[in-house]
Protein chains: 2
Amino acid sequence: MPWCDPSARTSRQRRCGTKVATSRKPGDVRERLDFASAGKNPWMTGTNDTGEARSMGNAGPQTAIGKRVTASDVAREAGVSQSTVSRSFSDDSRISAATREHVRDVATRMGYTPNALARSLITSRSGMVAVIVTRQSILAMPEMLTAISQALGRRGQRMLLFSPADESDVQNAVSEAWSYPLEGAISCVTLTAEHLDGFRMNRIPVVLYNRRARGLADSVCTEHHAAAARLADRLWEAGHRSFLCLAGPADAPVGHERAEGFSARLEELGAVRPRSVVTDFSYAGGRAAMLDALGASPAPDAVFCVNDQLAMGATDALRYDLGLAVPQDVSVVGFDDVPEAARPSYLLTTVRQDLGALAENAASLLDDRSRAPDSPLRDLDVRGELVERQSARF
Amino acid sequence: MPWCDPSARTSRQRRCGTKVATSRKPGDVRERLDFASAGKNPWMTGTNDTGEARSMGNAGPQTAIGKRVTASDVAREAGVSQSTVSRSFSDDSRISAATREHVRDVATRMGYTPNALARSLITSRSGMVAVIVTRQSILAMPEMLTAISQALGRRGQRMLLFSPADESDVQNAVSEAWSYPLEGAISCVTLTAEHLDGFRMNRIPVVLYNRRARGLADSVCTEHHAAAARLADRLWEAGHRSFLCLAGPADAPVGHERAEGFSARLEELGAVRPRSVVTDFSYAGGRAAMLDALGASPAPDAVFCVNDQLAMGATDALRYDLGLAVPQDVSVVGFDDVPEAARPSYLLTTVRQDLGALAENAASLLDDRSRAPDSPLRDLDVRGELVERQSARF
DNA sequence: CTGAAAGCGCTTACAG
DNA sequence: CTGAAAGCGCTTACAG
């Protein structure tokens with residue numbers, strides 16, 4: 001069992017720890033990581049590479065860590081100065097084509113790539129943008145991440161991801177982020193004035209994503225309030241008169257904006273302000289909240305959920321837990337238009353967030369702020385489009 | 001419209017470009033980013049911050065980019081040497097408590113945080129681990145990312161995410177990754193021997209995630225083959241005799257392993273090798289493939305899909321497109337156990353991947369390899385647990 | 001076109 | 001305990 005070598009004390013303690021989750025909910029799985037007893041543990045087996053595999057030549061394990069090939073190494077090998085190596089990797093340097101080609105050849109052979117971060121020290125351009133987003137948001141809407149990653153990629157920037165467990169863990173994420181020479185930060189969590197100050201003092205542009213900055217930073221935001229109001233209009237116009245609102249966590253601005261836009265519009269239309277239930281943003285939360293809400297009260301004409309996860313949970317609670325038909329008995333509408341919303345089991349009426357536009361605009365705001373640090377702050381709105389499917393009676 | 005200032009030529013070209021997607025599939029949304037005509041474009045509005053908001057004091061925009069506060073700035077302000085500032089931020093330095101406190105106070109006031117990358121230049125520890133994973137994988141299983149992020153976080157490392165559009169775009173992702181002083185790389189895409197060589201030459205440990213390295217790197221992998229075989233056993237034992245396999249893309253090792261494990265086992269059991277259909281890994285792909293496969297042929301007893309997205313697509317095709325009942329007419333099984341698989345509309349029988357264990361082991365392998373560069377390569381297997389729900393007749 | 005040298009922001013021996 | 005200095009891997013004036 002060389003892969004669990006008892007002589008490597010420190011690492012062994014980590015590797016060979018036993019970790020057995022004991023929960024026994026239906027469908028749950030035992031998590032077993034008992035490396036110490038791996039030999040007799042059918043849950044995990046380790047196999048060393050075979051002699052055959054290792055004899056494949058260049059396939060052996062590394063011989064030293066932290067010995068990155070440097071420009072000086074290449075310079076020595078290529079018989080030029082280190083400056084020349086550097087210039088060979090900079091497109092706008094006046095350098096002879098022959099030299100460049102030679103140096104590049106040698107570099108390729110040695111596996112040399114300029115260290116972007118040593119470079120960033122001198123150019124002040126690290127290419128790294130911190131993206132701060134809760135784990136829950138990633139799970140609920142992963143396309144948000146891929147869209148941001150792509151938008152940054154188009155600008156030659158890369159995403160350094162900080163994903164706090166929830167909004168209360170943001171402080172740590174921000175502190176960590178600060179230790180990197182960032183070109184910018186996109187925050188999908190609420191930042192305090194202190195956080196924004198920290199970025200400002202280090203001259204790091206910040207864009208708030210899907211929340212407003214109250215004049216403390218640039219922001220890009222789906223027009224939660226207005227889109228939710230349109231949803232209210234549409235339901236009202238179709239004859240719905242009683243409503244329930246699954247509003248998300250009490251402290252989440254996105255949910256609050258959406259719930260508020262919906263409720264305020266209904267009041268304008270003459271309805272009583274709908275009952276609002278505080279939840280989280282998850283499927284399970286929506287299902288539980290729905291079940292709970294209809295335990296005592298009669299079913300409303302329509303349920304507005306501040307995101308699609310909640311809406312799917314609410315739908316399943318209505319159908320499978322309460323025996324009600326959607327939309328015949330109750331209309332359900334959500335917000336986001338995640339891919340699952342379009343599937344035949346939900347066919348959710350919802351508001352599509354344009355994640356591509358949000359991401360593109362966030363990256364663009366960062367860009368602009370770098371070029372013009374003193375220009376006025378900007379808050380961009382991105383239209384949310386009503387997508388009518390069959391989860392609501394129209 | 002200062003937020004679309006025509007004088008800023010370069011950035012304007014980027015910002016004010018018109019981009020109108022013309023696709024008109026059902027449920028699709030027009031993507032409008034016509035910044036140039038924003039004033040009259042109801043899809044996007046820009047508002048500058050108000051004078052009031054800006055008068056809030058420390059809330060003004062940044063005054064210069066790339067002027068991070070440095071240790072020297074703090075040293076000057078605190079009346080100590082730059083070395084002392086450095087020591088104040090290193091826990092194991094012998095320095096007087098009073099000095100440390102004073103320096104830290106000044107640093108906090110100035111918004112100073114040591115630049116982790118300048119530090120990495122000298123310590124060879126950047127704390128950054130590249131994670132390479134296709135966009136599609138992120139969308140299909142975002143928990144994979146959050147699990148990796150957490151496992152790295154526990155070790156004080158951070159994830160630098162590279163997400164190629166697909167496996168053919170990996171080359172770019174790898175080249176980009178190489179330019180960072182990585183402490184390691186976790187690859188959820190197949191790497192060529194050349195890629196692995198590049199990492200090796202730069203002494204960067206690599207762990208392959210859910211694919212084997214053929215003796216060229218460490219790896220951690222769900223035991224796709226064995227788990228799929230158990231699924232085959234279970235279906236056979238329950239009386240299923242004819243099978244269809246939705247196998248994923250032809251070049252994807254994960255799908256191949258699973259399909260192969262399933263088919264090989266059935267052959268051992270005496271069944272004819274099931275028909276295998278090449279698809280992608282998506283819900284839409286599964287739905288289309290299922291529809292297509294049953295256009296001509298009779299329905300099989302059971303459909304094995306190499307991941308849950310395919311299985312959900314296949315289920316919906318059977319139910320909504322073909323009018324068949326799952327599991328009464330056809331059993332459907334998947335692989336992964338994504339959260340949606342447990343919902344009442346699918347209740348998918350599947351194999352749970354232990355994403356936490358995969359991530360923890362990947363991070364751990366990286367760790368071990370750093371400590372012992374020359375130790376034998378290791379391939380770890382993580383058990384996949386069969387989760388029986390109601391999408392298959394047992 | 002090319003090289004020697006300075007300097008980006010740090011850490012860490014080396015002196016005191 | 002503290003400071004001056006060297007050096008991590010680069011880029012970029014400055015000379016030639």
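Side-chain atoms are counted along with the backbone in the values below, which use heavy atoms only and exclude waters and symmetry mates. Convention: sequence-line order gives letters A, B, ...; per-chain numbering from 1.
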Do [X] and [Y] pair up side chain to side chain, a donor and an acceptor below 3.5 Å, judged on atom types alone?
{"X": "A:Thr192", "Y": "A:His195", "answer": "yes"}
{"X": "A:Thr146", "Y": "A:Ser149", "answer": "no"}
{"X": "B:Arg76", "Y": "B:Gln82", "answer": "no"}
{"X": "A:Ser120", "Y": "A:Thr123", "answer": "no"}

How many Å lie between [atom1] on [X] and [atom2] on [N], as a whole number?
{"X": "A:Asp91", "N": "D:dT11", "atom1": "CG", "atom2": "C1'", "answer": "14 Å"}
{"X": "A:Phe89", "N": "D:dC10", "atom1": "CZ", "atom2": "P", "answer": "10 Å"}
{"X": "B:Arg125", "N": "C:dC10", "atom1": "CZ", "atom2": "C1'", "answer": "17 Å"}
{"X": "A:Arg76", "N": "D:dG9", "atom1": "CZ", "atom2": "C1'", "answer": "13 Å"}
{"X": "A:Tyr112", "N": "D:dG9", "atom1": "OH", "atom2": "C1'", "answer": "7 Å"}
{"X": "A:Leu121", "N": "D:dC10", "atom1": "CG", "atom2": "P", "answer": "12 Å"}
{"X": "A:Leu117", "N": "C:dG9", "atom1": "CG", "atom2": "C1'", "answer": "13 Å"}
{"X": "A:Asn115", "N": "D:dT11", "atom1": "CG", "atom2": "C1'", "answer": "12 Å"}

Along DNA chain C (nearest heavy atom to each residue), the more 5'-positioned of B:Thr113 and A:Ile122: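 Checking each residue's closest nucleotide, the 5'-ward one belongs to A:Ile122.
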With sequence neighbours left out, write down each residue that passes salt bridge (Lys or Arg N to Asp or Glu O under 4.0 Å) with A:Glu101, or none if nothing qualifies.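 Once residues adjacent in sequence are excluded, A:Glu101 has no partner under the salt bridge (Lys or Arg N to Asp or Glu O under 4.0 Å) criterion.
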Using the test salt bridge (Lys or Arg N to Asp or Glu O under 4.0 Å), find all partners of A:Arg158 that sit at least two apart in sequence or belong to another chain.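 Checked A:Arg158 against salt bridge (Lys or Arg N to Asp or Glu O under 4.0 Å); matches are B:Glu176.
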Please test B:Arg369 against B:Ser375 for side-chain hydrogen bond (donor to acceptor under 3.5 Å, both in side chains), starting from the C-alpha separation and ending with a verdict. CA-CA 7 Å; B:Arg369 178 61 59 207; B:Ser375 65; 3.2 Å; yes
Might you list the N or O atoms of the protein lying below 3.5 Å from N or O atoms in nucleotides 13-16 of chain C, with each pair's distance?
| unit_1 | atom_1 | unit_2 | atom_2 | d |
| --- | --- | --- | --- | --- |
| C:dA13 | N6 | B:Arg87 | NH2 | 2.6 |

Tell me every residue that passes side-chain hydrogen bond (donor to acceptor under 3.5 Å, both in side chains) with A:Ser126, counting only those two or more places apart in sequence or in another chain.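 If we apply the side-chain hydrogen bond (donor to acceptor under 3.5 Å, both in side chains) test to A:Ser126, skipping adjacent residues, there are no hits.
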For A:Ser179, which residues count as a side-chain hydrogen bond (donor to acceptor under 3.5 Å, both in side chains) partner, sequence neighbours excluded?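 If we apply the side-chain hydrogen bond (donor to acceptor under 3.5 Å, both in side chains) test to A:Ser179, skipping adjacent residues, there are no hits.
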What nucleotide among [options] has an atom nearest to a side-chain atom of [X]?
{"X": "A:Thr123", "options": "D:dT2, D:dT11, C:dT2", "value": "D:dT11"}
{"X": "A:Gln82", "options": "D:dC10, D:dA4, C:dT2", "value": "D:dC10"}
{"X": "B:Ser81", "options": "C:dC10, D:dG3, D:dC10", "value": "D:dG3"}
{"X": "B:Thr84", "options": "D:dG3, C:dG3, C:dT12", "value": "D:dG3"}

Where the side chain of B:Arg68 meets the backbone of A:Tyr180, is there a donor-acceptor pair that is under 3.5 Å apart?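 It does hold such a pair.
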Would you indicate what B:Ser86 reaches in the nucleic acid, counting non-hydrogen atoms under 4.0 angstrom: base, sugar-phosphate, or nothing?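 The answer is base, as B:Ser86 lies within the cut-off (heavy atoms under 4.0 Å) of a base atom.
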Would you mind classifying the nucleic acid contact of A:Thr99 as base, sugar-phosphate or nothing, using non-hydrogen atoms under 4.0 angstrom?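 A:Thr99: backbone/sugar contact only, no base atoms under 4.0 Å.
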Base-pair string, DNA chain D, Watson-Crick plus G-U, cut-off 3.5 Å on both distances, | for inter-strand, is |||.||||||||.|||
